[in-house]
Amino acid sequence: MSGLSAKTRERLLYLISPIGLLLIWQILLMLGFGDRRFIPAPTDIAVRFWALVVSGELAEHVGVTLYRVFAGFFVGTVPAIVMGLLMAMFKPVRIFFDPLIAALFPIPKIALMPLLLLAFGFGDASKVALVAIAVFFPVIINTYVGAANIEKIYWDVAKNYGASQSVMFTRVVFFGALPMIFAGLRIALAVSFIVLVAAEFVASKNGIGYLIWNSWELLQVDIMFVGIVAVGILGLITSVLMQEIERKVIPWKADR
Amino acid sequence: MAVVEAESRASTPAAQRRGAAVDIVALRKVYGTGPVPIVALDDIDLRIAAGEFVCIVGPSGCGKSTLLRILAGLDHQTGGSFSVEAAGWAVENAMVFQESGLFPWMSVEANVRFGLMTRGVPEFEAADRVETALKLVGLTKFRRHYPHQLSGGMRQRSAIARAFVTDPGMLLMDEPFASLDAQNRVILQAELVRIWERTGKTVVYVTHSIEEALLLGDRTVVMTAQPGRIKQIIDVPFPHPRDLITLSASAEFGKLKLDIWRVLEDEVQRARAEMET
């Protein structure tokens with residue numbers, strides 16, 4: 001331990017609670033508390049996880065789910081960012097979109113699934129559309145708030161130095177809002193996994209959500225847990241990736 | 001259009017060019033339309049000669065910043081008019097703000113280039129002019145830095161470079177050195193005067209410091225508060241080029257400073273009395 005830096009040691013300390021929890025879980029089941037057919041031990045899940053990795057089955061479901069998340073994320077966030085910036089720059093745009101957002105945001109997006117199946121069919125498109133709609137709202141709201149709160153002096157500078165509306169949009173408002181946009185993107189990423197897994201429960205024949213729901217119907221509880229663990233790992237990896245991108249894209253915030 | 005002008009003036013030696021001339025007539029600015037509208041500026045008449053360095057002093061709330069913002073096109077007057085004659089200059093004016101107003105998401109270089117980018121100056125010419133401007137303020141080594149990595153003095157230097165690079169006929173400066181420490185302020189004041197003496201631009205410089213106004217300017221406009229009016233215009237007799245340190249220690253300087261302080265003191269007292277009633 002002495003060779004490790006203070007930071008690494010601190011990181012290792014963070015592992016104490018999750019590992020401790022898994023140990024207790026394992027020991028209780030080995031001592032005979034609970035029925036291992038319904039509540040698999042961590043080792044049972046790990047063994048099954050590895051088996052699904054080797055057979056390639058897990059990769060297939062993960063691939064499908066990731067494709068839907070990324071496609072939906074892209075389709076939803078790009079227009080959300082553009083609209084959010086336009087709302088901050090032009091009052092008529094704001095007046096038009098504000099009530100729509102207020103009315104549509106609180107609707108549970110999963111309730112739109114039947115409608116989307118009707119519109120886009122049973123394939124990937126309906127799931128991509130659901131993710132896109134779900135991520136749209138947190139991103140447009142964050143973008144708007146970020147752009148609307150840009151300090152007045154930057155608008156003054158831009159105006160005094162001859163910025164056109166398009167320069168204002170691409171060089172000033174967009175970058176000024178960027179930290180808030182990323183806060184929105186982080187929320188949107190979590191939201192996209194949440195709605196997509198739920199949609200895959202009922203409206204899909206593949207993807208991690210399908211894997212979880214199908215194994216529940218077949219009472220393969222260990223596979224169910226493999227699915228849940230897989231979603232958690234995907235969420236963790238993608239959010240770390242997002243933080244890395246944020247550090248690269250916002251250098252003026254990074255080394256404060 | 002700016003490009004053509006930039007090329008045509010390239011043949012004119014800098015020393016022969018005089019900055020923009022400004023004529024302000026009966027300018028008035030009122031905020032709010034309710035029962036108690038605030039008269040920020042009232043009956044402002046001021047002629048600024050081409051290439052002149054004019055300082056505007058007054059108590060806070062006397063509308064000196066408002067006057068500058070109107071000249072910069074960031075605000076509109078309620079009444080009266082002003083005209084700016086800036087033929088032969090690429091742009092009419094450029095403003096230097098109190099807090100530098102550098103975009104935090106742009107490097108120093110990109111910030112300095114901003115006013116050229118917005119006006120479509122071609123890349124090779126812009127690079128040249130940015131280089132010259134960075135040299136002028138001694139920041140060539142820091143071109144890749146972001147504003148938060150710079151000291152307050154360096155940020156204001158960048159802001160000055162950003163203003164100069166656009167080749168404005170008139171510089172509008174709103175207490176640009178107010179947030180700097182004393183040493184940095186003296187250094188930057190001296191540099192500003194040096195650059196001004198070389199470029200012949202008109203400078204309108206707003207400050208609340210009488211000393212700063214006398215050190216830098218050819219004329220000092222003393223304003224009153226609420227309504228903001230011109231109380232007195234004082235010709236500053238010190239010749240250029242000036243050595244600011246020696247000048248600030250001289251007896252004549254001290255006497256003039258005292259005179260203006262007497263003028264301003266009444267105003268500060270009156271403004272305070274009005275606020276308390």
Side-chain angles (χ1 to χ4, degrees), chain A residues 81-82 84-86 88-91 139 142-186 242-256, chain B residues 1-2 65-66 68-76 90-108 110-121 144-150 155 158-159 161-168 170-176 179:
Chain A
I81 291 170
V82 173
L85 296 178
L86 289 174
M89 282 181 72
F90 304 107
K91 205 171 174 193
V139 175
N142 266 273
T143 305
Y144 166 66
V145 170
N149 285 317
I150 293 173
E151 283 174 54
K152 189 172 177 298
I153 188 168
Y154 300 129
W155 298 87
D156 284 347
V157 170
K159 198 177 169 205
N160 185 244
Y161 284 82
S164 62
Q165 295 287 10
S166 69
V167 168
M168 205 77 135
F169 188 90
T170 54
R171 303 295 179 104
V172 179
V173 184
F174 173 69
F175 285 100
L178 211 47
M180 279 297 282
I181 291 176
F182 265 96
L185 291 179
R186 278 202 299 270
M242 182 72 92
Q243 279 174 29
E244 281 306 306
I245 294 172
E246 184 173 349
R247 253 166 29 91
K248 284 268 161 11
V249 176
I250 314 186
W252 66 93
K253 282 269 148 99
D255 45 318
R256 276 233 168 118
Chain B
M1 198 183 82
S65 288
T66 304
L68 212 59
R69 289 179 59 84
I70 291 173
L71 290 178
L74 295 174
D75 226 331
H76 289 289
V91 298
E92 190 185 282
N93 72 73
M95 187 146 167
V96 179
F97 296 82
Q98 181 171 356
E99 302 296 333
S100 69
L102 295 176
F103 298 118
W105 48 88
M106 292 183 193
S107 65
V108 167
N111 265 296
V112 172
R113 192 191 294 259
F114 186 76
L116 300 179
M117 183 268 290
T118 59
R119 292 168 174 117
V121 174
R144 305 242 181 279
H145 284 59
Y146 284 92
H148 74 273
Q149 299 167 314
L150 303 179
R155 280 203 287 273
S158 313
R162 171 171 69 181
F164 268 96
V165 80
T166 62
D167 194 34
M170 170 168 65
L171 277 181
L172 302 171
M173 310 189 82
D174 189 6
E175 305 200 31
S179 58

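The sequence lines fix the lettering, A, B, ..., with proteins before strands; numbering per chain opens at 1.
Put simply, of B:G73, B:A110, B:P147, B:A163, the one with the most heavy-atom pairs under 4.5 Å next to chain A is B:A163. Of the listed residues (A:V167, A:L178, A:V157), the one with the most heavy-atom contacts under 4.5 Å to chain B is A:V157. Put simply, of B:A72, B:A159, B:S107, the one with the most heavy-atom pairs under 4.5 Å next to chain A is B:A72. Annotation: maximal heavy-atom pairing with chain A below 4.5 Å, among B:M106, B:M117, B:E99, occurs at B:M117.
With A:I181 as the partner, the side-chain contact (heavy atoms from CB on, under 4.5 Å) test is satisfied by one option alone out of A:V145, A:T143, A:N142, A:I250: A:T143. Results of the side-chain contact (heavy atoms from CB on, under 4.5 Å) test with A:W155 over A:V172, A:V173, A:N160 single out A:V173 as the only residue that passes.
Interface remark: B:L102 contributes backbone atoms only to the contact with chain A (heavy atom separation under 4.5 Å). Residue contact with chain A, scored on non-hydrogen atoms closer than 4.5 Å, involves the backbone and the side chain of B:R162 alike.
Taking the six-membered ring where the residue is Trp, B:W105 and A:F175 present parallel rings, their angle staying beneath 30° rather than reaching 60°.
Between A:D156 and B:R69 there is a salt bridge, since a side-chain N of the basic residue sits under 4.0 Å from a carboxylate O of the acidic one.
By the 6.0 Å and 45° rule, A:R171 does not stack over the aromatic ring of B:F103.
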